[in-house]
Structure formats: C-alpha cells, structure tokens
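First listed ligand is number 1; within each ligand, the first listed atom is number 1. Keep in mind that the numbers below use all heavy atoms, side chains included, and drop hydrogens, waters and symmetry copies.
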Amino acid sequence: MWAHLSGVLVLLVLASGQTEAACDCTDTTCNCTGISRVPQDISVPANTTVLNLLNSNIGNFGSFPALAQLQELTLTSNQIDRIQPRAFTPSDHPQLQKVTISNNRINSIQPAAFSELPLLQELSLANNNITSLQPGTFQNLPELRNLSLSYNKIDRVQPSAIDNVPKLQSLDLSSNQIARIQPNAFPSGLVQVDLSSNNITAIDAGAFGNVTLLQQLDLSSNQLRASALLSASVCNDLSSIPGTVDLSDNPWGCDCSGVFPDDLSSCSADIISQIQCTSGGSTSPLTLQGGTVMCSAASVSAYYTPLLLLSVAAMLKNLLM
Ligand SMILES: *[C@@H]1O[C@H](CO)[C@@H](O)[C@H](O)[C@H]1NC(C)=O
Ligand SMILES: *[C@@H]1O[C@H](CO)[C@@H](O)[C@H](O)[C@H]1NC(C)=O
Ligand SMILES: *[C@@H]1O[C@H](CO)[C@@H](O)[C@H](O)[C@H]1NC(C)=O
Ligand SMILES: *[C@@H]1O[C@H](CO)[C@@H](O)[C@H](O)[C@H]1NC(C)=O
Ligand SMILES: *[C@@H]1O[C@H](CO)[C@@H](O)[C@H](O)[C@H]1NC(C)=O
Ligand SMILES: *[C@@H]1O[C@H](CO)[C@@H](O)[C@H](O)[C@H]1NC(C)=O
C-alpha cells in the first residue's frame, strides 16, 4: 500500500519537473533545467557566456540557438543521440571555447558538426554510444587542445577523422573497443594519448609515426601479445616516443623458456621491461642486457639457451676429464 503510494508521488514529481522549463541566470551564467525542446525551451539573455543544460530531457536538435557571447556549453546527461552537421557554427557561436556533451546516447556525429569553430579549446563527448569516427568528424578547429571520447564504443579511428587540429594536445580514447592502430592515425602535435581499456591487438608500423612530441601514451589494459608488439618497426616506433609509454595489464602470452623474436633487441629497455612473460607459474619482466633479451626469473636469454646448454656440457666434460 505505502510502496504503491510513494510510487505515485515520484511519478507526479517527475511529471511536474518535466513540464517546467526554467533558466536561472546570475550575471551571464545560466543554469537551465527541465528543458526538452531546443530551441523553444531555452530563454536566456543574448549576452549569456556560460550555459548549463544538465539532467534535462533534450533530444536531437538541428542547429543550436545562436548566442554570440557563448563561451561554455554543457549538455551533460540528456537524451541526445545525434549531432547534426553545422549544429555549431562560427557565425552563430563565434566565442565557443568549451563544449561538454557527455553522458548522452550519441551514436552519430555528422561530419562538420563542430567544424571551424575558431576558439574551441575543449570538447568532451565522453560516455556516449559513438561507434566510429568518419573522416572529417573533427576538422579545422584551430584552437582545439583537449578532446575526450572516452567510454564510447569506438572500434576504429580512421586517418583524417581528427584532422587539421594543429593545437590538439590531449586525446582521450580510453574505454572504447579499438582493436587496431592504423598508420598515421594521430595528428602530430599530441602530447598525451590515452588508449587504455580498449581491445588493441595490433599496432601497425608507423601508427605513432606522426606524433613526435608525445609525453604520455597509455596502452594499458588492452589485448597486446608479445608477438604482435615485437616487430622491429613497432618496437622502433614505441621506443622513439620521447615520453612514457604504459603497457601494463596486457596478456603478453609469452613464456620465459620460449624463443623471443630477433627484433626484440630493437626495443628500448623501458618497453622491454614492461613485457611480462610466465615462468613456472609466476610472471617475470623481460630485461635487455647488452643487446640481449633476458627473462629476469631465469636470468638467461631463452634465445641463447641452446648455446648455454652447450657450454654447460663442455664444462661438465672438462670436469669429468
Ligand atoms: C549553476 O550551477 C552550478 C553548479 O551546479 C552552481 O555552482 C552555480 O552557482 C549555478 N549558477 C546559477 C546562475 O544558478
Ligand atoms: C546582459 O543582458 C542583460 C539583459 O538581457 C542585462 O541586464 C545585463 O546587464 C547584461 N550583462 C552584461 C554583463 O552585459
Ligand atoms: C547504442 O546503440 C545501439 C545500436 O548501435 C542501440 O542498440 C543502443 O540502444 C544504444 N544505446 C543507447 C543507450 O542509446
Ligand atoms: C588538456 O590537456 C593537457 C595536456 O595534456 C592536460 O594537462 C590538461 O589537464 C587537459 N585539460 C583537461 C580539462 O582535460
Ligand atoms: C576484440 O577484438 C577481437 C578481434 O580482434 C574481436 O573478435 C572481439 O569481438 C573484440 N571485442 C570487443 C569487445 O570489441
Ligand atoms: C601523418 O604524416 C603523413 C606523412 O607525413 C601525412 O600524410 C598525414 O597527413 C599525417 N597525418 C596526420 C593525421 O597528421
């Protein structure tokens, strides 16, 4: 009986909350709630600089209302599943610097949805339902510095999906479903790339060829195996990254007593030491000693095991004689 009544009360509160669209503004910052229709439900002064449309019921819209002074827009926790071409334009939104449309259900971003916004610096589309980035999705954004696409379902980044963004420093693609990193997938100025918690099994030669300023590359919690990583070209690419590369929590699938590929020795000591091979039930990192790869548990290069056995045999023979 009580459970039944309180259910009715919650419904009434929800229903009345949805019918009342209201914007509360102080100076030029406005918080709006209960918005479902854009542009009809948004009534804010033309000089609004910060607009927060949180936890409302906003579905898809064509172009966002023109606000010539708008600098920061937040549309977190709504029901948006599609960003239309020219949703945001330099003529309607010339001052836009920061856009956050996280926690919606976006599965489609039309090319040129965000194109050519002259001052856009930060864009977050985290926690949506985006599956792929088509060529031209993010392009001609001269001031873009931070782009977050974490917690989506992106399975590939096509070359030129993120293009002509000369100041892009930080790209967050963590917690997606990317399986493979294609050559030259990333624009050249990047300082920080987060690819953790994806499904990466393969890194193509030249994947990080363009990103010569990288300070942090996170490849942790993927599906990398030693055999996929350790071709000379991938090793060289990863080893030539000037900053830190995080390879933790990958299922390396190597055995200390196995034979390591020749090309392993072209990896840097830091990359090598993050590869964990199994040895008698536990895991041990590889080490690079004088150009030779060793598994630290055995302290013996599996590659040279036959040679070692020969020399032990020779020693024994000498002793017995
Ligand atoms: C808007 O909301 C934020 C956080 O929820 C709050 O700090 C700020 O004071 C609000 N501004 C207005 C104008 O209501
Ligand atoms: C913004 O516009 C409102 C009227 O729409 C005005 O009262 C207010 O003074 C303006 N604020 C600034 C900072 O210009
Ligand atoms: C995400 O997209 C899939 C189809 O691609 C759809 O079935 C699913 O309902 C979507 N999820 C949300 C939360 O909209
Ligand atoms: C933007 O990227 C820079 C450089 O990687 C980083 O230091 C900063 O914390 C990022 N800002 C935000 C808001 O994510
Ligand atoms: C991960 O990649 C493999 C093949 O590369 C594929 O079979 C599998 O479905 C992927 N898993 C997810 C969760 O995307
Ligand atoms: C990466 O470099 C190649 C060759 O120099 C170039 O053709 C390509 O456009 C670059 N890619 C990006 C995303 O900057």
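The nearest protein atom to atom 3 (C) of ligand 3, hydrogens excluded, is given as Asn129 ND2, 3.7 Å; this is a heavy-atom distance. Here the heavy atom of the protein found nearest to atom 9 (O) of ligand 5 is Asn199 ND2, 4.7 Å. At the top of the distance list for atom 5 (O) of ligand 5, counting protein heavy atoms only, stands Thr201 OG1, 4.1 Å.
Any N or O atom pair closer than 3.5 Å counts here, and Glu122 shares no such pair with ligand 4. At least one N/O-N/O distance between Gln192 and ligand 4 falls below 3.5 Å.
Between Ser102 and the options Thr74, Thr76, Asn128, a side-chain hydrogen bond (donor to acceptor under 3.5 Å, both in side chains) holds for only Thr76.
Residues Leu238 and Val234 have side chains in contact (heavy-atom distance under 4.5 Å, counting atoms from C-beta outward).
In this model, Cys277 has its SG atom no nearer than 2.5 Å to the SG atom of Cys295. SG distance check for Cys30 and Cys25: under 2.5 Å.
Only the side chain of Asn146 comes within contact range of ligand 4, with a heavy atom under 4.0 Å; no backbone atom does.
The aromatic rings of Phe88 and Phe61 stand perpendicular to each other, their planes meeting at an angle above 60°, with 30° marking the opposite boundary.
Within a 4.0 Å radius of atom 14 (O) of ligand 3, the protein contributes at least one heavy atom. The presence of a protein heavy atom under 4.0 Å from atom 7 (O) of ligand 5 is ruled out. Proximity of atom 1 (C) of ligand 5 to the protein is indicated by at least one non-hydrogen atom lying closer than 4.0 angstrom.
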Open item on the list: Assess the residue pair Cys32 and Cys23 against the criterion (disulfide bond (SG atoms under 2.5 Å apart)); give the C-alpha distance rounded to whole Å, side-chain angles, the decisive distance to 0.1 Å, and a yes or no.
Closed with: CA-CA 4 Å; Cys32 303; Cys23 293; 2.1 Å; yes
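Residue Arg156 places its CZ atom among 12 or fewer non-hydrogen atoms of other residues, nucleotides or ligands, all under 6.0 Å distant.
When Gln169, Gln121, Arg145 are ranked by how near their heavy atoms come to atom 4 (C) of ligand 4, first place goes to Gln169.
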